[in-house]
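Atoms within each ligand, like the ligands themselves, are counted from 1 in listed order. Each residue takes its place number in the sequence, starting with 1. Since this is a predicted model, take the numbers as computed values, not measurements.
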Amino acid sequence: MDEHQKELLKHLPKIDEMILRIEKRENLAGFPREIVKEACRSVVERLRGQVLAGRGKGAQLRLPTPEQAADRAAEIVGGYPSYRLRRVINATGVILHTNLGRAPLCREAIERVVDVARGYSNLEYDLEKGERGLRYDHVRGLLCALTGAEDALVVNNNAAAVLLVLNALAEGKEAIVSRGELIEIGGEFRIPDVMEKSGARLQEVGTTNRTRLSDYERAIGPETAIILKVHTSNFRIMGFTEEADLGSLVALGKKHHLPVVDDLGSGCLIELDRYGLEREPTVRDCLAAGADVVTFSGDKLLGGPQAGIILGKREFLERIRRNPLNRALRIDKLTLAALEATMVKYLRPAQALGDMRVLRALTEPVADVKKRAKRLAAMLRRVLPEGADIKLATGVSVAGGGSLPTREIPTILVSLRVTTLSAAALEERLRRRELPVIVRVAADEVLLDVRTLDPEEFAGVRDALRMIMVEGKT
Ligand SMILES: *Cc1c(COP(=O)(O)O)cnc(C)c1O
């Protein structure tokens, strides 16, 4: 370290002095001191780093005046917060990516959220009678009409729905469930653990791969409160398997006066097999087969907001609605607004398929994905430097979010290879942008799965790549 560097280090701006200057500025008055201090410290540390790295050698570096240093810190504070929770562009090809917020909302759902959030609402107010109403009534009629259910109730998410139903119908008693259906749903959450918390005792029957109706029947005793079926939505057992179908469980339940509860998980309202996907039992199928209570998520195949939807026979739904846990698990008004708009979409299934991203991504013919991929590739070629290798490739997308586990959906990938950055480095820079682009990496190529990209997001992808590749921004 030379003398000049030592001198510079001695005269780095003083943090306390910077804070005083910033706190006098009107637009930052009252800003939490911790944040101001942190910004000042980062400015000073940066300067110190520059000096130590040798930039102070031979009088190359001039320190900012205290006012200039305060300016720099104030700029950091002024930009605070850069929101942590933000929109990202999902180019992974995982359609229901639980880490990426599962289902994007359709336009109408977003508009309803904004409108209801803007002011007061009739959340629990009956506008016709001028008296207290029920929040569930805003979606009850729609849900019943769309599924053939007698009654409907919505809560915070499907795990909450399962917890509530079991508590209301089987607390202190037994719930019979097949060993083949004791699933983990991700994030280390296991359905059996959620169930235990309800106060119901799980009476496990059968084996992992085979459970027969007679296994259920043998387990029924004076303590039995319900028969539970859990849709194995995120995996498949193949080979030597057997399960009791819903219809036969319903018949068994009837014989012993026991309600049958079906946790459907994904909850599909549209017959997916019509669009080349494997058949998922629809909610209507399950109710028609006689399930007394059915639960599913709002943000899986349904394509709406996070919610738990409970449908079924009125006598059970009434008990569930009045259960005190329902108050703790209740759905909020913004979710309800989005859910209502999503349900309205389903009144016209053709429109729902076109307008809801999850359904569109699941059912779009690969030829159409290819057309969009060509457009994206052309956009990228126009802005990226010579060295960038941009190609189309075939690949597979997946439903994700614990839905359609074995289904590989053909897709088109835009593959990118650049000379200046490794694929891993490019992936990281795309991910760390203000509007992050989340991609796949394979064999030192960055892969953009066009199936999960909306055309409106193409410009975001292009701009991110241009910034990184052409302007060298990180
Ligand atoms: C996903 C899933 C759940 C949990 O639903 P959340 O909406 O994530 O709370 C419960 N049961 C099954 C069968 C599932 O697939």
Side-chain angles (χ1 to χ4, degrees), residues 94-105 139 143 152-167 169-170 175 177-198 200 202 204 208 211 226-237 243 246 249 260-269 272 278 280-283 285-286 291 293-312 320 325-326 328-332 335-336 338-339 342-343 358 362 398-407:
V94 181
I95 295 167
L96 289 165
H97 200 308
T98 297
N99 302 149
L100 301 184
R102 289 197 187 155
L105 297 180
V139 289
L143 282 167
L153 174 67
V154 284
V155 291
N156 182 63
N157 63 351
N158 189 36
V162 173
L163 177 72
L164 176 63
V165 168
L166 285 175
N167 182 265
L169 303 184
V177 63
S178 161
R179 290 197 170 91
E181 299 174 358
L182 296 173
I183 62 171
E184 175 169 312
I185 51 179
E188 291 167 30
F189 282 98
R190 292 174 168 176
I191 279 289
D193 298 339
V194 174
M195 291 171 178
E196 297 279 357
K197 287 285 176 197
S198 73
L202 289 192
E204 300 170 17
T208 306
T211 303
I226 61 168
I227 297 171
L228 178 68
K229 184 150 188 67
V230 183
H231 189 54
T232 55
S233 46
N234 55 6
F235 72 102
R236 291 277 182 274
I237 297 181
E243 66 176 312
L246 183 59
L249 288 180
V260 173
V261 174
D262 191 1
D263 172 18
L264 261 181
S266 214
C268 188
L269 295 187
L272 289 173
E278 75 195 87
E280 273 281 295
T282 64
V283 176
D285 291 340
C286 297
V293 178
V294 170
T295 73
F296 55 97
S297 295
D299 55 353
K300 290 187 181 171
L301 285 179
L302 204 68
Q306 177 190 302
I309 297 165
I310 308 171
L311 304 177
I320 296 164
L325 263 185
N326 183 23
L329 304 173
R330 77 179 179 180
I331 193 161
D332 91 297
T335 310
L336 207 44
L339 188 61
T342 306
M343 291 302 119
V358 168
L362 278 169
V398 295
S403 307
L404 310 175
T406 50
R407 180 68 198 189

_Under-4.0 Å heavy-atom contact with ligand 1, by part of Thr232 that carries it_ =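 Contact part for Thr232 vs ligand 1: neither.
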_Lys300 contact mode with ligand 1 (heavy-atom cut-off under 4.0 Å)_ = side chain
*Ignoring angles and geometry beyond distance, decide whether Asn158 reaches within less than 3.5 Å of ligand 1 through its nitrogen or oxygen atoms.*
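N/O-N/O distance under 3.5 Å: yes.
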*Could you tell me whether Ser297 and ligand 1 have an N or O pair separated by under 3.5 Å?*
yes
_From Val165, Leu325, Thr295, Asn326, residue fulfilling side-chain contact (heavy atoms from CB on, under 4.5 Å) relative to Ile320_ =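 For Ile320, the side-chain contact (heavy atoms from CB on, under 4.5 Å) test succeeds with only one of Val165, Leu325, Thr295, Asn326, which is Val165.
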Per-atom contacts, ligand 1 versus [X] - under 4.0 Å to a heavy atom:
| X | value |
| --- | --- |
| Gly265 | 12 (C), 13 (C), 14 (C), 15 (O) |
| His231 | 13 (C) |
| Ala159 | 4 (C), 5 (O), 6 (P), 9 (O) |
| Ile183 | 13 (C) |
| Ile191 | 10 (C), 11 (N) |

Can you tell me if [X] has a non-hydrogen atom under 4.0 Å from ligand 1?
| X | result |
| --- | --- |
| Thr98 | no |
| Arg102 | yes |
| Val162 | no |

Distance-minimising heavy-atom pair for [X] and [Y]:
| X | Y | result |
| --- | --- | --- |
| Ala103 | Gly304 | CB-O, 3.7 Å |
| Ile331 | Ala307 | CD1-CB, 3.9 Å |
| Leu166 | Met195 | CD1-CG, 3.2 Å |

Please examine the side chains of [Y] and [X], heavy atoms only from C-beta on, and report whether any two atoms are closer than 4.5 Å.
| X | Y | answer |
| --- | --- | --- |
| Leu311 | Phe296 | yes |
| Val139 | Leu336 | yes |
| Val94 | Leu100 | no |

_What's the separation between atom OG1 in Thr232 and atom CD in Glu181, rounded to the nearest 0.5 Å?_
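Nearest 0.5 Å value for the OG1-CD distance: 6.5 Å.
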